[in-house]
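Following: one structure in C-alpha coordinates, then a few remarks.
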Amino acid sequence: MLDPKLVRSAPEAVAQQLLKKHYKLDVARLVALEEKRKSLQVTTEQLQSERNSGSKEFGKIKSQGGDVSALKERMDQVNAELKANEQALVELQDELHTMLLDVPNLPHDSVPEGQDENDNVLVRSWGEPRTFDFDVKDHVDLGEAFGLDFEAATRICGARFAMLRGKIARLHRALAQFMLDVQTTEHGYEEVITPLLVHDTALYGTGQLPKFGEDLFKTSCDSDAEQEQKQFYLIPTAEVTLTNLVRDQILAVEQLPMRLTAHTACFRSEAGSYGRDTRGLIRQHQFEKVEMVQIVHPDKSWEALEEMTGHAEAILQKLGLPYRVMALCGGDMGFGAAKTYDLEVWLPAQNQYREISSVSNCADFQARRMMARFRNESGKPELVHTLNGSGLAVGRTLVAVLENYQDADGHIRVPDVLQPYMGGIRVL
RNA sequence: GGAGGGAUGGCUGAGCGGUUGAAAGCACCGGUCUUGAAAACCGGCGAGGGUUAAUAGCCCUUCCAGGGUUCGAAUCCCUGUCCCUCCGCCA
(Lines give C-alpha, C1' and ligand atoms only; values in the text may rest on other atoms or scores of the structure.)
Protein backbone atom coordinates (compact mmCIF):
# COMPACT_ATOMS: atom_id res chain seq x y z
CA MET A 1 0.00 0.00 0.00
CA LEU A 2 1.16 3.49 -0.75
CA ASP A 3 1.61 5.97 2.05
CA PRO A 4 -1.83 7.57 2.48
CA LYS A 5 -0.19 10.82 3.51
CA LEU A 6 1.76 10.91 0.29
CA VAL A 7 -1.26 10.12 -1.85
CA ARG A 8 -3.25 12.74 -0.02
CA SER A 9 -0.69 15.49 -0.21
CA ALA A 10 0.41 14.98 -3.81
CA PRO A 11 -2.28 13.03 -5.66
CA GLU A 12 -1.36 14.41 -9.06
CA ALA A 13 2.30 13.51 -8.74
CA VAL A 14 1.42 10.02 -7.55
CA ALA A 15 -1.03 9.55 -10.40
CA GLN A 16 1.67 10.63 -12.82
CA GLN A 17 4.11 8.02 -11.54
CA LEU A 18 1.45 5.33 -11.61
CA LEU A 19 0.89 5.91 -15.31
CA LYS A 20 4.21 4.20 -15.88
CA LYS A 21 2.57 1.08 -14.51
CA HIS A 22 -0.48 1.75 -16.66
CA TYR A 23 -2.62 2.38 -13.66
CA LYS A 24 -5.04 5.27 -13.76
CA LEU A 25 -5.59 6.75 -10.35
CA ASP A 26 -8.99 8.41 -10.01
CA VAL A 27 -7.67 11.63 -8.57
CA ALA A 28 -11.00 13.46 -8.60
CA ARG A 29 -12.70 10.74 -6.61
CA LEU A 30 -9.81 10.46 -4.23
CA VAL A 31 -9.71 14.18 -3.53
CA ALA A 32 -13.46 14.29 -3.00
CA LEU A 33 -13.43 11.36 -0.59
CA GLU A 34 -10.47 12.79 1.23
CA GLU A 35 -12.18 16.11 1.73
CA LYS A 36 -15.22 14.42 3.21
CA ARG A 37 -13.04 12.23 5.36
CA LYS A 38 -11.24 15.15 6.85
CA SER A 39 -14.28 17.05 8.00
CA LEU A 40 -16.02 13.90 9.17
CA GLN A 41 -13.04 12.73 11.16
CA VAL A 42 -12.51 16.08 12.81
CA THR A 43 -16.11 16.39 13.95
CA THR A 44 -16.24 12.77 15.07
CA GLU A 45 -13.18 13.20 17.20
CA GLN A 46 -14.57 16.40 18.65
CA LEU A 47 -17.74 14.58 19.65
CA GLN A 48 -15.69 11.78 21.18
CA SER A 49 -13.79 14.33 23.17
CA GLU A 50 -17.05 15.84 24.36
CA ARG A 51 -18.34 12.47 25.39
CA ASN A 52 -15.18 11.73 27.34
CA SER A 53 -15.16 14.97 29.27
CA GLY A 54 -18.92 14.78 29.84
CA SER A 55 -18.61 11.32 31.32
CA LYS A 56 -15.91 12.44 33.67
CA GLU A 57 -18.04 15.32 34.81
CA PHE A 58 -20.94 12.94 35.25
CA GLY A 59 -18.93 10.85 37.65
CA LYS A 60 -17.81 13.89 39.58
CA ILE A 61 -21.30 15.32 39.99
CA LYS A 62 -22.70 12.01 41.01
CA SER A 63 -20.04 11.38 43.63
CA GLN A 64 -20.93 14.75 45.15
CA GLY A 65 -24.57 13.83 45.14
CA GLY A 66 -25.54 16.39 42.51
CA ASP A 67 -28.23 16.24 39.87
CA VAL A 68 -27.15 14.71 36.58
CA SER A 69 -30.37 14.75 34.63
CA ALA A 70 -29.50 17.86 32.60
CA LEU A 71 -26.10 16.49 31.76
CA LYS A 72 -27.53 13.11 30.84
CA GLU A 73 -29.86 14.77 28.41
CA ARG A 74 -26.99 16.59 26.79
CA MET A 75 -24.92 13.44 26.65
CA ASP A 76 -27.72 11.53 24.98
CA GLN A 77 -27.72 14.15 22.29
CA VAL A 78 -23.96 14.00 21.86
CA ASN A 79 -24.08 10.24 21.68
CA ALA A 80 -26.79 10.23 19.06
CA GLU A 81 -24.83 12.62 16.92
CA LEU A 82 -21.64 10.71 17.53
CA LYS A 83 -23.15 7.42 16.49
CA ALA A 84 -24.20 8.77 13.12
CA ASN A 85 -20.85 10.44 12.54
CA GLU A 86 -18.86 7.40 13.57
CA GLN A 87 -20.73 5.16 11.22
CA ALA A 88 -20.33 7.51 8.30
CA LEU A 89 -16.64 7.85 9.05
CA VAL A 90 -16.09 4.10 9.18
CA GLU A 91 -17.82 3.70 5.85
CA LEU A 92 -15.82 6.45 4.26
CA GLN A 93 -12.54 5.17 5.61
CA ASP A 94 -13.40 1.71 4.34
CA GLU A 95 -14.00 3.18 0.94
CA LEU A 96 -10.70 5.04 0.95
CA HIS A 97 -8.83 2.02 2.26
CA THR A 98 -10.35 -0.23 -0.37
CA MET A 99 -9.37 2.27 -3.00
CA LEU A 100 -5.80 2.39 -1.73
CA LEU A 101 -5.49 -1.40 -1.49
CA ASP A 102 -6.16 -1.48 -5.19
CA VAL A 103 -3.33 0.89 -6.10
CA PRO A 104 -0.05 -0.72 -7.18
CA ASN A 105 3.36 0.27 -5.89
CA LEU A 106 5.14 3.22 -7.45
CA PRO A 107 7.83 2.20 -9.92
CA HIS A 108 11.40 3.30 -9.27
CA ASP A 109 12.78 6.05 -11.49
CA SER A 110 15.08 3.55 -13.20
CA VAL A 111 12.19 1.36 -14.37
CA PRO A 112 11.89 1.56 -18.15
CA GLU A 113 8.71 2.78 -19.78
CA GLY A 114 6.77 0.19 -21.70
CA GLN A 115 3.61 -1.74 -22.38
CA ASP A 116 4.43 -5.41 -22.01
CA GLU A 117 7.25 -7.95 -22.02
CA ASN A 118 8.40 -6.76 -25.44
CA ASP A 119 9.51 -3.50 -23.86
CA ASN A 120 11.65 -5.07 -21.17
CA VAL A 121 15.26 -3.99 -21.28
CA LEU A 122 18.23 -6.30 -21.53
CA VAL A 123 20.61 -5.66 -18.64
CA ARG A 124 23.20 -8.37 -19.30
CA SER A 125 23.46 -11.89 -20.52
CA TRP A 126 25.61 -14.81 -19.47
CA GLY A 127 26.77 -17.87 -21.39
CA GLU A 128 26.45 -18.81 -25.02
CA PRO A 129 23.48 -20.86 -26.19
CA ARG A 130 24.88 -24.21 -27.22
CA THR A 131 24.72 -25.13 -30.90
CA PHE A 132 23.41 -28.59 -31.66
CA ASP A 133 24.35 -30.70 -34.70
CA PHE A 134 21.12 -32.68 -34.38
CA ASP A 135 17.44 -31.88 -34.03
CA VAL A 136 16.82 -30.91 -30.42
CA LYS A 137 13.91 -32.40 -28.55
CA ASP A 138 11.87 -30.53 -26.00
CA HIS A 139 11.69 -31.59 -22.36
CA VAL A 140 8.40 -33.40 -22.79
CA ASP A 141 9.80 -35.77 -25.39
CA LEU A 142 13.11 -36.06 -23.59
CA GLY A 143 11.64 -36.62 -20.16
CA GLU A 144 9.24 -39.36 -21.09
CA ALA A 145 11.98 -41.98 -21.10
CA PHE A 146 13.08 -41.01 -17.59
CA GLY A 147 9.78 -40.84 -15.77
CA LEU A 148 8.12 -37.56 -16.77
CA ASP A 149 4.48 -38.53 -17.01
CA PHE A 150 1.78 -36.02 -17.90
CA GLU A 151 -0.73 -38.58 -19.02
CA ALA A 152 -1.08 -40.19 -15.60
CA ALA A 153 -1.34 -36.83 -13.86
CA THR A 154 -4.04 -35.69 -16.25
CA ARG A 155 -6.02 -38.85 -15.56
CA ILE A 156 -5.94 -38.10 -11.85
CA CYS A 157 -6.37 -34.34 -11.65
CA GLY A 158 -6.73 -32.88 -15.12
CA ALA A 159 -4.59 -30.49 -17.06
CA ARG A 160 -1.55 -28.62 -15.79
CA PHE A 161 -0.24 -31.31 -13.50
CA ALA A 162 2.65 -33.70 -13.88
CA MET A 163 4.04 -36.77 -12.26
CA LEU A 164 7.77 -37.23 -12.05
CA ARG A 165 9.00 -40.73 -11.43
CA GLY A 166 12.30 -42.46 -11.03
CA LYS A 167 15.37 -40.69 -12.34
CA ILE A 168 13.65 -37.50 -13.25
CA ALA A 169 12.10 -37.25 -9.82
CA ARG A 170 15.57 -37.62 -8.38
CA LEU A 171 16.95 -34.96 -10.67
CA HIS A 172 14.18 -32.60 -9.62
CA ARG A 173 14.96 -33.26 -5.97
CA ALA A 174 18.67 -32.78 -6.63
CA LEU A 175 18.00 -29.38 -8.14
CA ALA A 176 15.98 -28.21 -5.16
CA GLN A 177 18.57 -29.47 -2.70
CA PHE A 178 21.36 -27.86 -4.64
CA MET A 179 19.61 -24.49 -4.77
CA LEU A 180 18.85 -24.56 -1.08
CA ASP A 181 22.42 -25.48 -0.24
CA VAL A 182 23.85 -22.66 -2.31
CA GLN A 183 21.52 -20.04 -0.85
CA THR A 184 22.09 -21.14 2.74
CA THR A 185 25.82 -21.86 2.73
CA GLU A 186 27.08 -19.34 0.18
CA HIS A 187 24.64 -16.45 0.43
CA GLY A 188 23.69 -16.47 4.08
CA TYR A 189 20.01 -17.32 3.90
CA GLU A 190 18.21 -19.06 6.74
CA GLU A 191 16.29 -22.12 5.63
CA VAL A 192 12.63 -22.15 6.57
CA ILE A 193 9.86 -24.69 6.27
CA THR A 194 6.60 -22.81 5.97
CA PRO A 195 2.91 -23.60 5.93
CA LEU A 196 1.40 -24.05 2.49
CA LEU A 197 -2.05 -22.95 3.62
CA VAL A 198 -2.62 -19.43 4.85
CA HIS A 199 -5.40 -17.08 5.90
CA ASP A 200 -6.38 -14.20 3.68
CA THR A 201 -4.67 -11.68 5.97
CA ALA A 202 -1.27 -13.00 4.91
CA LEU A 203 -2.20 -12.55 1.26
CA TYR A 204 -3.39 -9.01 1.86
CA GLY A 205 -0.02 -8.38 3.42
CA THR A 206 2.00 -9.37 0.38
CA GLY A 207 -0.52 -7.93 -2.05
CA GLN A 208 -2.04 -10.96 -3.77
CA LEU A 209 -5.36 -9.92 -2.27
CA PRO A 210 -7.72 -8.24 -2.72
CA LYS A 211 -6.97 -7.85 -6.41
CA PHE A 212 -5.75 -11.21 -7.57
CA GLY A 213 -7.95 -13.69 -5.76
CA GLU A 214 -8.82 -15.49 -8.96
CA ASP A 215 -5.20 -16.60 -9.34
CA LEU A 216 -5.36 -18.45 -6.04
CA PHE A 217 -6.70 -21.78 -4.91
CA LYS A 218 -8.93 -21.66 -1.89
CA THR A 219 -9.92 -24.53 0.36
CA SER A 220 -13.50 -25.23 1.19
CA CYS A 221 -14.59 -27.89 3.62
CA ASP A 222 -18.23 -28.86 3.54
CA SER A 223 -18.36 -28.93 7.30
CA ASP A 224 -17.27 -25.36 7.78
CA ALA A 225 -18.11 -23.69 4.51
CA GLU A 226 -20.14 -21.14 6.44
CA GLN A 227 -17.24 -19.99 8.53
CA GLU A 228 -15.04 -17.59 6.65
CA GLN A 229 -12.40 -17.96 9.38
CA LYS A 230 -11.65 -21.50 8.38
CA GLN A 231 -11.01 -20.73 4.75
CA PHE A 232 -7.46 -21.29 3.68
CA TYR A 233 -5.65 -20.25 0.56
CA LEU A 234 -2.87 -22.32 -0.98
CA ILE A 235 0.23 -20.19 -1.24
CA PRO A 236 1.12 -19.12 -4.79
CA THR A 237 4.72 -18.60 -3.60
CA ALA A 238 6.66 -18.86 -0.36
CA GLU A 239 7.09 -15.10 -0.61
CA VAL A 240 3.76 -15.00 1.23
CA THR A 241 4.82 -16.98 4.28
CA LEU A 242 8.41 -15.81 4.42
CA THR A 243 7.56 -12.12 4.18
CA ASN A 244 4.68 -12.42 6.62
CA LEU A 245 7.15 -13.75 9.14
CA VAL A 246 7.71 -10.13 10.15
CA ARG A 247 4.11 -8.97 10.05
CA ASP A 248 3.18 -6.84 13.08
CA GLN A 249 6.75 -6.94 14.31
CA ILE A 250 9.04 -4.16 15.43
CA LEU A 251 12.49 -5.57 14.80
CA ALA A 252 15.72 -4.40 16.33
CA VAL A 253 17.95 -2.76 13.76
CA GLU A 254 20.57 -5.44 14.40
CA GLN A 255 18.16 -8.08 13.10
CA LEU A 256 18.44 -6.57 9.63
CA PRO A 257 18.97 -7.73 7.05
CA MET A 258 16.98 -10.93 7.42
CA ARG A 259 17.61 -13.41 4.64
CA LEU A 260 15.14 -16.25 4.36
CA THR A 261 14.80 -19.08 1.92
CA ALA A 262 12.30 -21.87 1.56
CA HIS A 263 11.69 -24.75 -0.79
CA THR A 264 7.94 -25.14 -1.16
CA ALA A 265 5.25 -26.21 -3.50
CA CYS A 266 3.40 -23.28 -5.07
CA PHE A 267 -0.16 -23.31 -6.29
CA ARG A 268 -1.62 -21.12 -8.99
CA SER A 269 -4.95 -21.35 -10.72
CA GLU A 270 -3.54 -19.86 -13.93
CA ALA A 271 -6.90 -18.32 -14.62
CA GLY A 272 -6.64 -16.23 -17.72
CA SER A 273 -3.76 -18.17 -19.19
CA TYR A 274 -5.83 -20.68 -21.12
CA GLY A 275 -3.98 -21.87 -24.15
CA ARG A 276 -0.61 -20.56 -22.99
CA ASP A 277 2.18 -23.05 -22.36
CA THR A 278 -0.23 -25.93 -22.30
CA ARG A 279 2.54 -28.35 -23.19
CA GLY A 280 5.03 -29.46 -20.61
CA LEU A 281 6.17 -28.29 -17.21
CA ILE A 282 6.39 -24.59 -17.91
CA ARG A 283 3.02 -23.58 -16.50
CA GLN A 284 1.52 -25.88 -13.89
CA HIS A 285 -1.11 -25.54 -11.19
CA GLN A 286 1.43 -26.89 -8.75
CA PHE A 287 5.16 -26.43 -8.97
CA GLU A 288 8.14 -26.22 -6.68
CA LYS A 289 10.27 -23.23 -6.07
CA VAL A 290 13.15 -22.18 -3.87
CA GLU A 291 12.24 -18.70 -2.77
CA MET A 292 14.45 -16.01 -1.32
CA VAL A 293 13.15 -13.16 0.81
CA GLN A 294 15.06 -10.31 2.37
CA ILE A 295 13.86 -7.94 5.06
CA VAL A 296 16.16 -4.95 4.99
CA HIS A 297 16.82 -1.44 6.23
CA PRO A 298 15.15 1.03 3.84
CA ASP A 299 18.52 2.53 2.95
CA LYS A 300 19.77 -0.84 1.76
CA SER A 301 17.02 -2.22 -0.43
CA TRP A 302 18.36 -1.11 -3.81
CA GLU A 303 21.72 -2.57 -3.03
CA ALA A 304 19.96 -5.74 -1.85
CA LEU A 305 18.03 -6.01 -5.12
CA GLU A 306 21.23 -6.17 -7.15
CA GLU A 307 22.79 -8.60 -4.73
CA MET A 308 19.77 -10.86 -4.66
CA THR A 309 19.59 -10.95 -8.43
CA GLY A 310 23.16 -12.20 -8.25
CA HIS A 311 22.09 -14.93 -5.83
CA ALA A 312 19.62 -16.22 -8.37
CA GLU A 313 22.14 -15.89 -11.19
CA ALA A 314 24.66 -17.93 -9.23
CA ILE A 315 22.46 -20.99 -9.55
CA LEU A 316 22.24 -20.70 -13.32
CA GLN A 317 25.96 -20.10 -13.63
CA LYS A 318 26.85 -23.11 -11.53
CA LEU A 319 24.49 -25.19 -13.64
CA GLY A 320 26.07 -23.78 -16.78
CA LEU A 321 22.76 -22.58 -18.18
CA PRO A 322 22.85 -19.54 -20.48
CA TYR A 323 20.56 -16.76 -19.36
CA ARG A 324 19.91 -13.07 -19.59
CA VAL A 325 18.79 -10.48 -17.07
CA MET A 326 15.91 -8.23 -18.04
CA ALA A 327 14.73 -5.07 -16.30
CA LEU A 328 10.96 -5.23 -16.47
CA CYS A 329 9.20 -2.24 -17.95
CA GLY A 330 6.43 -0.50 -16.03
CA GLY A 331 3.67 -2.27 -17.88
CA ASP A 332 5.03 -5.75 -17.22
CA MET A 333 5.79 -5.32 -13.55
CA GLY A 334 3.91 -6.89 -10.71
CA PHE A 335 1.55 -5.12 -8.37
CA GLY A 336 3.77 -4.73 -5.34
CA ALA A 337 7.13 -4.22 -6.99
CA ALA A 338 9.04 -0.96 -7.20
CA LYS A 339 11.52 -2.63 -9.53
CA THR A 340 11.91 -6.13 -10.93
CA TYR A 341 14.58 -8.09 -12.71
CA ASP A 342 13.60 -11.24 -14.52
CA LEU A 343 16.10 -13.97 -15.22
CA GLU A 344 15.41 -15.77 -18.46
CA VAL A 345 17.06 -19.07 -19.23
CA TRP A 346 17.82 -20.36 -22.70
CA LEU A 347 15.53 -23.16 -23.85
CA PRO A 348 16.91 -24.76 -27.02
CA ALA A 349 13.68 -26.45 -28.04
CA GLN A 350 11.76 -23.19 -27.88
CA ASN A 351 14.74 -21.37 -29.34
CA GLN A 352 14.19 -18.55 -26.89
CA TYR A 353 14.81 -17.28 -23.39
CA ARG A 354 12.08 -18.03 -20.84
CA GLU A 355 11.49 -16.61 -17.40
CA ILE A 356 12.96 -18.74 -14.64
CA SER A 357 13.28 -16.22 -11.82
CA SER A 358 11.87 -12.87 -10.86
CA VAL A 359 13.52 -10.67 -8.28
CA SER A 360 11.73 -7.62 -6.90
CA ASN A 361 12.22 -4.83 -4.46
CA CYS A 362 8.86 -3.96 -2.95
CA ALA A 363 10.31 -1.14 -0.84
CA ASP A 364 7.83 -0.34 1.95
CA PHE A 365 4.74 -1.37 -0.01
CA GLN A 366 4.26 -4.78 1.62
CA ALA A 367 5.70 -3.63 4.93
CA ARG A 368 3.00 -0.99 5.23
CA ARG A 369 0.29 -3.52 4.53
CA MET A 370 1.50 -5.81 7.24
CA MET A 371 3.01 -3.30 9.65
CA ALA A 372 6.47 -4.77 9.50
CA ARG A 373 8.82 -2.32 11.14
CA PHE A 374 12.14 -1.89 12.86
CA ARG A 375 13.32 0.54 15.49
CA ASN A 376 15.45 3.09 13.72
CA GLU A 377 18.46 5.02 14.93
CA SER A 378 16.33 7.58 16.73
CA GLY A 379 14.26 4.89 18.45
CA LYS A 380 11.16 5.34 16.31
CA PRO A 381 9.41 2.48 14.52
CA GLU A 382 9.94 2.68 10.78
CA LEU A 383 8.78 0.44 7.96
CA VAL A 384 11.27 -2.12 6.67
CA HIS A 385 11.77 -2.81 2.99
CA THR A 386 11.01 -6.24 1.59
CA LEU A 387 12.44 -8.08 -1.38
CA ASN A 388 11.65 -11.41 -2.88
CA GLY A 389 13.03 -13.52 -5.66
CA SER A 390 13.06 -17.02 -6.99
CA GLY A 391 16.24 -18.86 -6.54
CA LEU A 392 14.94 -20.64 -8.66
CA ALA A 393 11.75 -22.17 -9.99
CA VAL A 394 12.66 -25.86 -9.78
CA GLY A 395 10.40 -27.23 -12.51
CA ARG A 396 11.54 -24.70 -15.08
CA THR A 397 15.14 -25.32 -14.13
CA LEU A 398 14.56 -29.00 -14.73
CA VAL A 399 13.23 -28.15 -18.18
CA ALA A 400 16.33 -26.09 -18.88
CA VAL A 401 18.68 -28.84 -17.73
CA LEU A 402 16.94 -31.49 -19.80
CA GLU A 403 16.96 -29.41 -22.95
CA ASN A 404 20.43 -27.90 -22.63
CA TYR A 405 22.17 -31.12 -21.59
CA GLN A 406 20.63 -33.47 -24.14
CA ASP A 407 22.69 -35.42 -26.61
CA ALA A 408 21.89 -36.83 -30.04
CA ASP A 409 20.44 -40.08 -28.77
CA GLY A 410 18.23 -38.46 -26.14
CA HIS A 411 20.37 -38.91 -23.07
CA ILE A 412 20.89 -36.18 -20.52
CA ARG A 413 24.24 -35.44 -18.96
CA VAL A 414 23.90 -34.52 -15.30
CA PRO A 415 25.56 -31.13 -14.62
CA ASP A 416 28.66 -31.46 -12.44
CA VAL A 417 27.26 -29.53 -9.49
CA LEU A 418 24.28 -31.88 -9.27
CA GLN A 419 26.27 -35.09 -9.27
CA PRO A 420 26.79 -35.15 -5.48
CA TYR A 421 23.01 -35.26 -5.19
CA MET A 422 22.42 -37.95 -7.81
CA GLY A 423 23.75 -41.04 -6.09
CA GLY A 424 26.22 -41.85 -8.83
CA ILE A 425 23.94 -41.22 -11.79
CA ARG A 426 26.01 -39.27 -14.32
CA VAL A 427 23.80 -39.59 -17.32
CA LEU A 428 20.06 -40.10 -17.60
C1' G B 1 -13.66 -35.28 20.84
C1' G B 2 -14.56 -34.40 26.67
C1' A B 3 -13.34 -31.16 31.29
C1' G B 4 -11.19 -26.89 33.11
C1' G B 5 -7.86 -22.22 32.98
C1' G B 6 -6.11 -18.05 30.37
C1' A B 7 -5.16 -13.71 26.58
C1' U B 8 -3.03 -6.40 29.62
C1' G B 9 2.89 -2.16 26.99
C1' G B 10 9.70 -5.38 24.34
C1' C B 11 9.24 -9.20 28.61
C1' U B 12 7.13 -10.58 33.63
C1' G B 13 2.86 -8.99 35.94
C1' A B 14 -1.19 -5.76 39.07
C1' G B 15 -5.69 -3.90 37.86
C1' C B 16 -13.14 -1.90 43.00
C1' G B 17 -17.52 0.20 36.01
C1' G B 18 -15.36 6.75 36.60
C1' U B 19 -9.20 10.68 38.15
C1' U B 20 -5.94 3.69 34.68
C1' G B 21 -2.66 4.42 28.73
C1' A B 22 -2.86 1.49 32.59
C1' A B 23 0.77 -0.12 39.38
C1' A B 24 5.31 -2.78 40.09
C1' G B 25 9.69 -5.27 38.38
C1' C B 26 13.00 -6.39 34.27
C1' A B 27 14.88 -4.59 29.71
C1' C B 28 16.04 -0.10 27.16
C1' C B 29 17.58 5.37 26.77
C1' G B 30 19.63 9.87 29.27
C1' G B 31 22.07 11.97 33.70
C1' U B 32 24.93 11.97 38.57
C1' C B 33 28.98 9.18 40.50
C1' U B 34 33.62 6.50 38.36
C1' U B 35 40.19 6.58 35.23
C1' G B 36 36.54 3.23 32.59
C1' A B 37 32.74 -0.26 33.62
C1' A B 38 29.43 -2.31 37.23
C1' A B 39 26.48 -1.07 41.45
C1' A B 40 23.65 2.87 43.54
C1' C B 41 20.68 7.16 42.85
C1' C B 42 17.68 10.74 39.60
C1' G B 43 14.81 11.19 35.13
C1' G B 44 12.61 9.22 30.64
C1' C B 45 10.35 5.19 28.08
C1' G B 46 3.92 1.47 24.16
C1' A B 47 1.62 1.80 19.38
C1' G B 48 -1.69 3.78 15.52
C1' G B 49 -4.33 8.04 13.76
C1' G B 50 -6.15 13.28 13.21
C1' U B 51 -4.96 18.48 13.14
C1' U B 52 -0.50 21.27 11.81
C1' A B 53 4.90 23.98 8.41
C1' A B 54 6.16 20.91 12.63
C1' U B 55 9.68 14.79 14.42
C1' A B 56 5.96 21.49 18.85
C1' G B 57 1.36 21.51 21.13
C1' C B 58 -3.72 19.72 21.30
C1' C B 59 -7.18 15.80 20.29
C1' C B 60 -8.90 10.71 19.05
C1' U B 61 -8.18 5.39 19.09
C1' U B 62 -5.98 1.19 21.30
C1' C B 63 -5.70 -3.73 27.39
C1' C B 64 -6.91 -10.96 21.56
C1' A B 65 -11.09 -9.91 17.68
C1' G B 66 -16.27 -8.60 16.73
C1' G B 67 -20.92 -7.31 18.83
C1' G B 68 -23.87 -5.59 23.29
C1' U B 69 -25.17 -3.11 28.28
C1' U B 70 -23.94 2.00 30.35
C1' C B 71 -23.68 9.03 30.74
C1' G B 72 -18.93 6.20 31.18
C1' A B 73 -15.95 -0.57 30.03
C1' A B 74 -9.25 -3.37 30.50
C1' U B 75 -13.10 -4.21 34.17
C1' C B 76 -20.16 -6.60 33.07
C1' C B 77 -22.83 -9.80 28.97
C1' C B 78 -22.73 -12.57 24.07
C1' U B 79 -19.97 -14.67 19.88
C1' G B 80 -15.40 -16.02 17.66
C1' U B 81 -10.02 -16.91 17.56
C1' C B 82 -5.67 -18.39 19.84
C1' C B 83 -2.84 -20.45 24.00
C1' C B 84 -2.19 -23.67 28.48
C1' U B 85 -3.43 -28.12 31.76
C1' C B 86 -5.84 -32.96 32.22
C1' C B 87 -8.45 -37.21 29.71
C1' G B 88 -9.37 -39.73 25.03
C1' C B 89 -7.67 -40.53 19.95
C1' C B 90 -3.81 -40.39 16.41
C1' A B 91 0.81 -39.75 12.16
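We name chains A, B, ... by the order of the sequence lines, and we start the count at 1 in each one.
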For [X] and [Y], test the side chains for any donor-to-acceptor distance below 3.5 angstrom and give the result as yes or no.
| X | Y | result |
| --- | --- | --- |
| S358(A) | D342(A) | yes |
| E45(A) | Q41(A) | yes |
| Q183(A) | T261(A) | no |

In whole angstrom, what separates [X]'s [atom1] from [N]'s [atom2]?
| X | N | atom1 | atom2 | value |
| --- | --- | --- | --- | --- |
| L251(A) | C11(B) | CG | P | 13 Å |
| M75(A) | G72(B) | CE | P | 7 Å |
| K38(A) | G50(B) | NZ | P | 10 Å |
| N79(A) | G68(B) | CG | C1' | 15 Å |
| R74(A) | C71(B) | CZ | P | 15 Å |
| N85(A) | C60(B) | CG | P | 15 Å |
| L82(A) | G72(B) | CG | C1' | 13 Å |
| D248(A) | G9(B) | CG | C1' | 15 Å |

Flag the pair [X] and [Y] as a salt bridge only when some basic side-chain nitrogen lies within less than 4.0 angstrom of an acidic carboxylate oxygen.
| X | Y | value |
| --- | --- | --- |
| E307(A) | R259(A) | yes |
| E270(A) | R283(A) | yes |
| K20(A) | D109(A) | no |

Expressed in whole Å, how much space separates the [atom1] atoms belonging to [N] and [M]?
| N | M | atom1 | answer |
| --- | --- | --- | --- |
| G67(B) | G15(B) | P | 28 Å |
| A73(B) | U20(B) | P | 16 Å |
| A7(B) | A14(B) | C1' | 15 Å |
| C59(B) | C76(B) | C1' | 29 Å |
| G50(B) | C41(B) | P | 42 Å |

**OP:** State the CG-NZ distance between L18(A) and K21(A), to the nearest 0.5 angstrom.
**Re:** 8.0 Å

Subject >> With R247(A) via salt bridge (Lys or Arg N to Asp or Glu O under 4.0 Å) - residues at least two apart >> reply: none

Using the 3.5 Å cut-off, write out each protein N or O paired with an N or O of nucleotides 15-21 of chain B and the distance between them.
residue: G18(B); atom: N2; partner: S55(A); partner atom: O; Å: 2.7

Original post:
Quick one: side chain to side chain contact (heavy atoms under 4.5 Å, CB included) partners of H22(A), sequence neighbours excluded?
Top reply: Q115(A)

Which residues satisfy the ring pair (Phe, Tyr, Trp, His ring centres under 6.0 Å) test with [X], sequence neighbours excluded?
| X | value |
| --- | --- |
| H297(A) | F374(A) |
| F335(A) | F212(A), F365(A) |
| H385(A) | none |
| Y341(A) | none |

**OP:** Quick one: which residue pairs count as a salt bridge (charged side-chain N to carboxylate O under 4.0 Å, His left out) with a foot in residues 28-40 of chain A, not counting sequence neighbours?
**Re:** R8(A)-E34(A), R29(A)-E95(A), E34(A)-R37(A)

For nucleotides 61-64 of chain B, tabulate all protein N/O to nucleotide N/O atom pairs closer than 3.5 Å, reporting atom names and distance.
residue: U61(B); atom: OP1; partner: R51(A); partner atom: NH2; Å: 2.6
residue: U61(B); atom: OP2; partner: N52(A); partner atom: ND2; Å: 3.2

What nitrogen or oxygen pairs link the protein and nucleotides 47-49 of chain B at under 3.5 Å?
residue: A47(B); atom: OP1; partner: R375(A); partner atom: NH1; Å: 3.3
residue: A47(B); atom: O3'; partner: R373(A); partner atom: NH1; Å: 2.8
residue: G48(B); atom: OP1; partner: R373(A); partner atom: NH1; Å: 2.7
residue: G49(B); atom: O2'; partner: Q41(A); partner atom: NE2; Å: 3.3
residue: G49(B); atom: N2; partner: E45(A); partner atom: OE1; Å: 3.2

**OP:** Apply the test side chain to side chain contact (heavy atoms under 4.5 Å, CB included) to residues T241(A) and T264(A): give CA-CA distance (whole Å), side-chain angles for both, the deciding distance (0.1 Å), then the verdict.
**Re:** CA-CA 10 Å; T241(A) 40; T264(A) 69; 5.5 Å; no

Subject >> RNA chain B contacts made by residues 26-35 of chain A, counting heavy atoms under 4.0 Å >> reply: none

Subject >> Residue mapping more 5' on RNA chain B - nearest nucleotide basis, P4(A) or D76(A) >> reply: P4(A)

**OP:** Give me the ring orientation class for Y189(A) and H311(A): parallel if the planes are under 30° apart, tilted from 30 to 60°, perpendicular past 60°.
**Re:** perpendicular

Original post:
In dot-bracket form, how is RNA chain B paired, counting a Watson-Crick or G-U wobble pair only if both its distances are under 3.5 Å and using | for bases paired to another strand?
Top reply: (((((((..(((.....[.....))).(((((.......))))).((((((.....)))))).(((((..]....))))))))))))....

Original post:
What does K60(A) touch in the nucleic acid at a heavy-atom separation under 4.0 angstrom: a base, only the sugar-phosphate, or nothing?
Top reply: nothing

Original post:
Does the ring center of F232(A) lie less than 6.0 Å from the ring center of H199(A)?
Top reply: yes

